[in-house]
Amino acid sequence: AGEPYLAAATLATATSGDRLLATGLEKASYLVIEDGVTDDDTTGDGPGIANHAISAVCTHLGCIVSWDGDAQEFACPCHGSRFDGEGEVVKGPAGQALERKLVVIKDDQVRLLERAPEAV
C-alpha cells in the first residue's frame, strides 16, 4: 500500500525460520527471519531479518512460489519445482536457485536492493 516495511513491527510477530512475503515491490520477495542477526535498528535476543531476501519468482517460468513452513521449502504451484529455505533447487523442473536480494535496514525501514548480497 505504499507504506514501508518496518523492522520492529515485522519482527514483533515473526519467529526464526519464517519466510515473510514482501509485496508491493516490482518483484515480490521473501524476508528471511533467523536467529543471530544483529544490526543497529533491531535489538533484543529474538530473531532478526537476514541481510538477504529471496525472490518469490520461480526461475522455471516465472510463477510466484509460496512458502511451506511445515516442509521448510518454497513450492511452485505451476510445475512443481521446490526450493529449500535459502532458495536452492530441491526438485525441478527449475534448474536455477531463486534470486537473492540485498536487505538493508535503515531508520527501522526494510529496504530491498536489486543486487545479491556478497556473503550469505
Side-chain angles (χ1 to χ4, degrees):
E3 296 296 319
Y5 284 91
L6 302 178
T10 299
L11 292 171
T13 58
T15 58
S16 184
D18 284 350
R19 302 296 186 262
L20 306 176
L21 184 62
T23 58
L25 308 169
E26 184 177 326
K27 294 180 183 176
S29 295
Y30 284 90
L31 299 176
V32 175
I33 309 300
E34 58 188 19
D35 286 330
V37 175
T38 57
D39 63 57
D40 294 339
D41 292 293
T42 57
T43 59
D45 296 327
I49 300 171
N51 72 342
H52 67 285
I54 299 169
S55 173
V57 180
C58 182
T59 56
H60 178 233
L61 291 176
C63 297
I64 301 298
V65 299
S66 60
W67 173 245
D68 181 343
D70 292 333
Q72 293 289 293
E73 290 182 332
F74 294 100
C76 181
C78 298
H79 300 103
S81 292
R82 297 191 69 86
F83 305 85
D84 69 14
E86 289 299 320
E88 296 297 325
V89 177
V90 172
K91 176 182 174 271
Q96 294 181 326
L98 298 172
E99 290 182 25
R100 292 189 179 171
K101 309 294 181 194
L102 181 64
V103 174
V104 175
I105 299 173
K106 184 172 181 175
D107 299 327
D108 194 44
Q109 292 184 6
V110 179
R111 301 169 187 203
L112 276 67
L113 305 178
E114 286 293 325
R115 60 185 166 101
E118 291 180 21
V120 176

(message) Tell me which one of L20, I105, T23 satisfies side chain to side chain contact (heavy atoms under 4.5 Å, CB included) with Y5.
(response) T23
(message) Using every non-hydrogen atom in the two residues, find where V103 and A50 come nearest and quote the distance to one decimal.
(response) CB-O, 3.5 Å
(message) Around atom CD of Q72, are there more than 12 heavy atoms from other residues, nucleotides or ligands closer than 6.0 Å?
(response) yes
(request) Rounded to the nearest 0.5 Å, what's the gap from OG1 on T13 to CG on D18? Could you check? (result) 8.0 Å
(message) Before you tell me yes or no, could you show the steps for H52 and E86 under side chain to side chain donor-acceptor pair (under 3.5 Å), namely the whole-Å CA-CA distance, both residues' side-chain angles and the distance that decides it to 0.1 Å?
(response) CA-CA 9 Å; H52 67 285; E86 289 299 320; 2.6 Å; yes
(request) May I ask you to test the H79-L61 pair for a side-chain heavy-atom distance under 4.5 Å? (result) yes
(request) Using a 4.5 Å cut-off on heavy atoms from C-beta on, say whether the side chain of S81 contacts that of F74. (result) no
(message) Counting C-beta onward and ignoring hydrogens, is there a side-chain heavy-atom pair between L113 and V104 closer than 4.5 Å?
(response) yes
(request) List the atom of T59, the atom of A94, and the distance in Å for their closest heavy-atom pair. (result) OG1-CB, 3.7 Å
(request) Would you kindly say whether the two SG atoms, from C63 and from C78, are closer than 2.5 Å? (result) yes
(message) Quick one, V110 and L6 - any side-chain contact, counting heavy atoms below 4.5 Å?
(response) no
(request) Please tell me if the side chains of L11 and I49 come closer than 4.5 Å, counting only heavy atoms from C-beta onward. (result) yes
(request) Check G85 against I54 and note the closest heavy-atom contact, atom names and distance. (result) O-CD1, 3.2 Å
(request) Taking the side chain as every heavy atom from C-beta outward, state whether E73 and V90 have any pair of such atoms under 4.5 Å apart. (result) yes
(request) Using a 4.5 Å cut-off on heavy atoms from C-beta on, say whether the side chain of D68 contacts that of R82. (result) yes
(request) List the atom of C58, the atom of V65, and the distance in Å for their closest heavy-atom pair. (result) CB-CG1, 3.9 Å
(request) For the residue pair V89 and L98, establish whether any side-chain heavy-atom pair is separated by less than 4.5 Å. (result) no
(request) Show the numbers, then the answer: is there a side chain to side chain contact (heavy atoms under 4.5 Å, CB included) between S55 and Y30? (result) CA-CA 6 Å; S55 173; Y30 284 90; over 6 Å; no
